[in-house]
Amino acid sequence: METLVIKIPEKKSALVKQILKGLGVTIQPTGKTSVSGYKQKLANVSVWTDDDLKVFEESKKAFENLKPQQW
């Protein structure tokens, strides 16, 4: 079975769905997500302190200080 995503103008949506159902197409309802779900996900995002970011800056500086060997 193949999955397709199509965008249909609202005025034609009922007609297109009716035709597709007549052809045996299964139409999945769109999943509505709540705002509280997004808020919950955002609340779980970790926050990095300046001390956490220092490691990256130090590593960057150390990498920039590397000199290529001359042959």
Straight-line distance of Q18 CD to L23 CG, nearest 0.5 Å:
11.0 Å
To the nearest 0.5 Å, tell me how far K54 NZ sits from E57 CD.
11.0 Å
Should V25 and I6 be regarded as members of a common hydrophobic cluster, given that ILVMFWY residues are connected when their side-chain heavy atoms come within less than 4.5 Å of each other, either directly or indirectly?
yes
According to side chain to side chain contact (heavy atoms under 4.5 Å, CB included), who are the partners of T49, at least two apart in sequence or on a separate chain?
D51, D52
Using a 6.0 Å cut-off, check whether atom CG of N65 has over 12 heavy atoms from anything other than its own residue.
yes
Are more than 12 heavy atoms, taken from residues, nucleotides or ligands other than Q40, located less than 6.0 Å from that residue's CD atom?
no
Would L20 and L4 count as a side-chain contact (heavy atoms from CB on, under 4.5 Å) here? Give the steps.
CA-CA 12 Å; L20 291 174; L4 297 174; over 6 Å; no
